[in-house]
Amino acid sequence: MQAFKSQRWKQADLCILQHPDGTVLKQLQPPPRGPRELEFYTMVYAADCADAVLLELRKHLPKYYGVWSPPSAPNDVYLKLEDVTHKFNKPCIMDVKIGRKSYDPFASAEKIQQQVSKYPLMEEIGFLVLGMRVYHLHSDSYETQNQHYGRGLTKETLKEGVSKFFHNGFCLRKDAVAASIQKVEKILQWFENQKQLNFYASSLLFVYEGSSQPATTKSNDRTLAGRFLSKGALSDADVLECNNNFHLFSSPANGTSVGKSLSKAYSRHRKLYAKKHQSQTSLKVETLEQDNGWKSMSQEHLNGNVLSQLEKVFYHLPAGRQEIAEAEVRMIDFAHVFPSNTVDEGYVYGLKHLIAVLRSILDS
């Protein structure tokens, strides 16, 4: 049997097996939920699928690779799915149930009462935080919150509760907030343009890179910031770009401040390309492109503030680009998906309110 490792996330009784090849195995739930979720994945990922709505939906789901059963237990069926967290070094993960109702149209009165009692504000808020796992830079550890955390959030504490997912122990990761908003808005656009399916008790899985080293950065493909770090000017933990500002910390190795190291790095960079600068108040900041070409972008009004001018370079993105986080938002959990001929108003309501909360966090 292949070497899978167990990973328990939302459901305490549901085991997710994680494999190094970038897939996960989700055990099929008992009927009717399990067969219904299998039918959903089979329909969306059918080889002969020509439905434009379903083909577009694939972009927002984990990739589906069929079913799998262990030789020792052929009756145990698993869905083989893309591991959305696989490409991340330190994945921060949040599971958010979307919709005004967490029960489907065929639920019994008892089931409805049970679900409503778990989170009475679901109807008004439109979503529920089921759990989160956030990487903290300062301690090199994760903080985990379970479903009880989300159920304890009120209308007054909702914004603060969601923002906790984007706080790394030093600062609020507004880059990750902005990237997440863009992803959720694309999912909303899909829902506003389809009348084929209604989703109940389905979730969005948020993932972003928690470490200071981007998941997509290769050892032989370094940015300008990576080159400075390799020369010993700063350690990987010294520079933290937060809310478009640098937070400065002393370097215990040599007793110098990060600010001084940044100034030296900037000085070297400026001398190297002095001929390309037209004045002291107009600086062209260059980032490496494949270690040979340079792409220049104008930065005006330096006014002696080296840190604010270099912040985007040192955090691995071109000037003028707002989305800098490596992030994913995918739809998951499809045991309660049903055919429909109307817009899924409950899901749309939840998405819109979630986007509004994320935007308020971004604007704060």
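In what follows, residues are counted from 1 in the order of the sequence shown. Heavy-atom basis, side chains included; hydrogens, waters and symmetry copies ignored.
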Any donor-acceptor N or O pair under 3.5 Å, side chains [X], [Y]:
X	Y	result
Gln145	Glu143	yes
Asn146	His148	no
Ser180	Gln182	no

With [X] via side chain to side chain donor-acceptor pair (under 3.5 Å) - residues at least two apart:
X	answer
Glu192	none
Arg359	Glu185
Ser360	none
Ser108	none

### Query
Between Thr23 and Asp83, is a side-chain hydrogen bond (donor to acceptor under 3.5 Å, both in side chains) present by the stated rule, with each step listed?
CA-CA 5 Å; Thr23 63; Asp83 180 1; over 6 Å; no

Measure the spacing between [atom1] of [X] and [atom2] of [Y] and express it to the nearest 0.5 Å.
X	Y	atom1	atom2	result
Asp344	Lys195	CG	NZ	12.5 Å
Leu61	Leu81	CG	CG	9.5 Å
Ile98	Ile332	CD1	CD1	10.5 Å
Gln29	Leu79	CD	CG	9.0 Å
Asn168	Leu137	CG	CG	4.5 Å
Asp76	Leu25	CG	CG	11.5 Å

### Message
Let's go through Asp51 and Gln196 carefully: what are the C-alpha distance in whole Å and the side-chain angles of both, what is the deciding distance for side-chain hydrogen bond (donor to acceptor under 3.5 Å, both in side chains) to 0.1 Å, and is it a yes or a no?
### Response
CA-CA 11 Å; Asp51 188 325; Gln196 295 181 206; 3.1 Å; yes

### Task
Scan Leu362, Leu158, Leu358, Leu172 and name whichever one has a side chain to side chain contact (heavy atoms under 4.5 Å, CB included) with Ser163.
Leu172

Does a side-chain N-to-carboxylate-O contact under 4.0 Å join [X] and [Y]?
X	Y	value
Glu124	Lys155	yes
Arg33	Asp104	no
Glu326	Lys87	yes

#### Entry: Within 45° cone and under 6.0 Å: Arg133 NZ/CZ vs Tyr142 ring
yes

### Task
Identify, with sequence neighbours excluded, every residue that meets ring-ring contact (aromatic ring centres under 6.0 Å, His included) alongside Tyr349.
none

### Message
Please enumerate all residues that pass ring-ring contact (aromatic ring centres under 6.0 Å, His included) together with His86, with sequence neighbours excluded.
### Response
none

Verify same cluster id: [X], [Y] (apolar side-chain graph, 4.5 Å):
X	Y	result
Ile187	Leu55	no
Leu128	Ile112	no
Met331	Leu188	yes
Val116	Leu121	no
Tyr103	Tyr119	no

### Task
For the pair Tyr347 and Phe191, name the ring-plane relationship: parallel under 30°, tilted 30 to 60°, perpendicular over 60°.
parallel

### Query
Is Gln189 atom CD crowded by more than 12 heavy atoms from other residues, nucleotides or ligands, each under 6.0 Å away?
no

### Query
More than 12 foreign heavy atoms under 6.0 Å from CD of Gln114: is that the case here?
yes

### Query
Which one of Lys26, Arg58, Arg330 satisfies the salt bridge (charged side-chain N to carboxylate O under 4.0 Å, His left out) criterion with Glu82?
Arg330

### Query
With ring centroids as reference points, do Phe170 and His138 lie under 6.0 angstrom apart?
yes

### Task
Compute the centroid of each ring, for Phe127 and then for His353, and state whether the two points are separated by less than 6.0 Å.
yes

Can you check whether [Y]'s main-chain N or O pairs, donor with acceptor, with [X]'s side chain at less than 3.5 Å?
X	Y	value
Ser202	Phe199	no
Arg36	Pro31	no
Ser117	Gln113	yes

### Message
Apply the hydrophobic cluster definition, ILVMFWY joined by side-chain contacts under 4.5 Å directly or through others, and give me every member besides Tyr200.
### Response
Phe106, Phe338

Excluding sequence neighbours, so at least two apart, what forms side chain to side chain contact (heavy atoms under 4.5 Å, CB included) with [X]?
X	value
Lys59	Glu56
Val77	Leu28, Val67, Ser69
Ala109	none
Glu123	Arg100, Lys101

### Query
Under the salt bridge (charged side-chain N to carboxylate O under 4.0 Å, His left out) rule, what pairs show up with a residue in residues 105-118, not counting sequence neighbours?
none

### Query
Under the criterion ring-ring contact (aromatic ring centres under 6.0 Å, His included), which of Tyr135, Phe88, Phe165 is the partner of Tyr208?
Phe165

